Amino acid sequence: MPSPSKVRVALVGGGTIAPLHAKHILASPLCQLVAIIDPFPPGKTLADSLNVAHYPKVADLVSSHATKPLAVELYIICVPSALHVQVATEILKTAKPKAILVEKPFATESASGEQLLALANAQGCKVAVGHHRRFHAAIKAAKQAISSGRLGRLVAITGVWTCKKNEGYFTAAQWRASRTAGGGPVWTNFVHDIDVMHYLVGSRVTRVWATSTVTQRQHAGVSEGDQVEEGAAIMFQFANGVVGTFVISDNVPSPYGWESATGDNPLYPQAETAVDCYRIFGSQGTVTVPDGNLWTYRQEDADRRDLEIGWNIPMSRETVEAMDLIPFQQQTEHLARLVAGREEPVCSGEDGLAAVKVCEAVVRALHRDDGHPIELWTS
């Protein structure tokens with residue numbers, strides 16, 4: 001029987017990311033996992049392994065007598081990307097929850113994402129998006145360094161996400177090879193990175209340039225025009241004047257990317273030595289993430305040499321302090337407080353939609369392949 005003292009949570013979808021959500025919901029003192037909704041075998045298998053109720057459809061759970069006294073308050077949506085809006089809309093219309101978490105990407109095209117947000121706002125349902133890196137200790141530490149003024153005025157940001165996905169990754173789920181189905185490193189991986197960049201910079205991208213990396217693979221059963229990109233070089237301009245660059249590729253052997261740099265996902269081993277995947281440059285210093293190196297000049301070093309602060313004196317390096325936090329667990333506890341009305345979303349539906357619009361712009365630029373910028377926002 002669901003506990004009235006805990007936030008009642010249902011997982012929608014039992015695939016790759018669902019067991020991780022389930023693990024941290026079960027470990028939470030504030031949440032209770034009451035159901036898994038999935039018409040396919042992985043969902044039923046996961047529910048059975050956790051001794052949790054299983055339903056093929058949202059409507060089945062809502063109409064179930066066992067859940068009527070204590071309705072589900074929070075739904076976590078972790079179905080394939082192209083189904084995010086469809087499933088979230090069904091939940092809003094059928095279950096009327098207090099909050100939903102939509103895994104990234106929030107949508108695979110912005111128009112439907114805007115419609116989903118309008119529906120949620122009309123019903124008073126809070127929307128959060130599963131860009132869990134915002135809860136990572138290294139991101140929080142970098143954000144604090146920026147907010148405290150240690151970097152001065154932000155000037156530029158650069159990032160990289162590179163790895164080698166094997167063939168089995170694509171054959172296990174064919175949608176991963178289809179651009180229209182939400183596959184490819186732009187929608188699957190970079191969508192996380194652009195959200196981090198928005199968060200750290202404190203502003204959203206207004207202009208995008210992009211060009212593709214060389215093609216090394218072909219996916220059987222996917223039309224040529226729908227083949228996912230393997231990578232890209234991307235350049236941005238943010239609304240506050242900051243500029244940025246990013247390189248992404250899922251077909252190069254490399255530790256330079258979030259998963260290798262942090263060990264955040266247990267499915268992918270951490271690099272043997274510390275590496276960074278973001279560098280944020282300011283007028284007074286630079287910080288790298290996730291290794292947390294903060295580079296600045298010290299006035300006493302310049303005075304000792306009777307020189308101005310600048311490139312002919314040594315830089316000082318320190319490590320920004322980061323607490324040992326588990327991002328998914330932090331996100332889970334935040335969602336409980338969100339349902340209780342004690343917090344607003346750390347990553348809102350609007351934030352998730354902003355990342356979607358940048359991904360759309362990148363894909364459009366790759367498709368056009370003419371070197372011209374894609375304009376997003378005008379302010």
Side-chain angles (χ1 to χ4, degrees), residues 8-25 33-50 52-62 72-97 99-117 119-120 125-132 169-189 191-192 195 228 265 267 328 331-332 335 347 349 352-353 355-356 359:
R8 298 172 294 282
V9 185
L11 275 178
V12 186
T16 306
I17 200 69
L20 193 56
H21 278 293
K23 172 184 175 181
H24 294 294
I25 294 168
L33 181 61
V34 298
I36 293 174
I37 304 167
D38 191 342
F40 300 106
K44 179 68 164 61
T45 300
L46 178 62
D48 289 346
S49 70
L50 300 175
V52 171
H54 170 262
Y55 300 90
K57 299 178 182 179
V58 174
D60 296 333
L61 182 151
V62 173
V72 172
E73 299 165 289
L74 168 67
Y75 287 79
I76 295 178
I77 301 164
C78 39
V79 297
S81 302
L83 299 177
H84 284 177
V85 170
Q86 176 186 329
V87 171
T89 300
E90 178 190 359
I91 290 169
L92 289 172
K93 290 182 176 180
T94 306
K96 304 294 191 298
I100 59 174
L101 173 80
V102 183
E103 262 301 340
K104 61 79 193 171
F106 177 63
T108 52
E109 48 92 20
S110 57
S112 64
E114 289 173 343
Q115 293 171 357
L116 174 59
L117 276 181
L119 176 62
C125 176
K126 294 183 178 180
V127 179
V129 183
H131 288 294
H132 67 279
Y169 170 84
F170 297 98
T171 56
Q174 192 173 21
W175 70 267
R176 292 171 175 168
S178 166
R179 179 176 283 177
T180 56
V186 171
W187 281 114
T188 306
N189 308 107
V191 67
H192 265 312
D195 179 71
V228 292
N265 190 326
L267 296 176
F328 265 91
Q331 179 179 253
T332 301
L335 291 172
C347 185
L353 186 61
V356 167
C359 289

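Since the structure is predicted, the reported quantities are computational estimates derived from the model, not experimental observations.
Within the 4.5 Å cutoff, the side chain of P39 has no heavy atoms near those of the Y55 side chain. At least one side-chain heavy atom of S110 sits less than 4.5 Å from a side-chain heavy atom of L353. The closest side-chain heavy-atom distance from L33 to L50 is below 4.5 Å.
P97 pairs by the side-chain contact (heavy atoms from CB on, under 4.5 Å) definition with Y75, I91, L92, A95, I100, C125, not counting sequence neighbours. When the side-chain contact (heavy atoms from CB on, under 4.5 Å) test is applied to E90, the partners found at least two apart in sequence or on another chain are V58, T94. Considering only residues two or more places apart in sequence or on other chains, H192 meets the ring pair (Phe, Tyr, Trp, His ring centres under 6.0 Å) condition with H131, H132. For A47, the side-chain contact (heavy atoms from CB on, under 4.5 Å) partners two or more places apart in sequence, or in a different chain, are I36, H54. Every residue was checked against the side chain to side chain donor-acceptor pair (under 3.5 Å) condition with T188, not counting sequence neighbours, and none meets it. For the side chain to side chain donor-acceptor pair (under 3.5 Å) test, residues two or more places apart in sequence or in another chain that qualify with T180 are S178, D226. Residues satisfying the side-chain contact (heavy atoms from CB on, under 4.5 Å) criterion with K96, sequence neighbours excluded, are Q123. Residues meeting the salt bridge (Lys or Arg N to Asp or Glu O under 4.0 Å) test with R176, sequence neighbours left out: none.
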Test side-chain contact (heavy atoms from CB on, under 4.5 Å) on L116 and F106 and set out the steps. CA-CA 10 Å; L116 174 59; F106 177 63; 3.6 Å; yes

For Q86 and T89, run side-chain hydrogen bond (donor to acceptor under 3.5 Å, both in side chains): C-alpha distance rounded to whole Å, both residues' side-chain angles, the deciding distance at 0.1 Å, then the answer. CA-CA 5 Å; Q86 176 186 329; T89 300; over 6 Å; no

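Within a 6.0 Å radius of CZ in F40, no more than 12 heavy atoms belonging to other residues, nucleotides or ligands are found.
A donor-acceptor distance shorter than 3.5 angstrom exists from the side chain of H84 to the backbone of P105, with no hydrogens or angles considered.
Of all heavy-atom pairs between L61 and A35, the closest is CD1-CB, 3.2 Å. The shortest heavy-atom contact between W187 and C359 is CZ3-CB, 3.6 Å. Scanning all heavy atoms of the two residues, the minimum distance from V228 to F170 falls at CG2-CE2, 4.4 Å.
Counting only residues at least two apart or in different chains, salt bridge (Lys or Arg N to Asp or Glu O under 4.0 Å) contacts with residues 35-48 comprise K44-D48.
Judged by distance alone, the side chains of S112 and E109 do bring a donor and an acceptor atom under 3.5 Å apart.
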Donor-acceptor contacts, no H, no angles, side chain residues 9-25, under 3.5 Å, sequence neighbours left out:
from: H21; atom 1: NE2; to: E103; atom 2: OE2; distance (Å): 2.7
from: H24; atom 1: ND1; to: Q329; atom 2: OE1; distance (Å): 2.7

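Interatomic distance, C347 SG to Q331 CD, rounded to the nearest 0.5 Å: 8.5 Å. Going from atom CG of D60 over to atom CD1 of I37 covers 8.5 Å, rounded to the nearest 0.5 Å.
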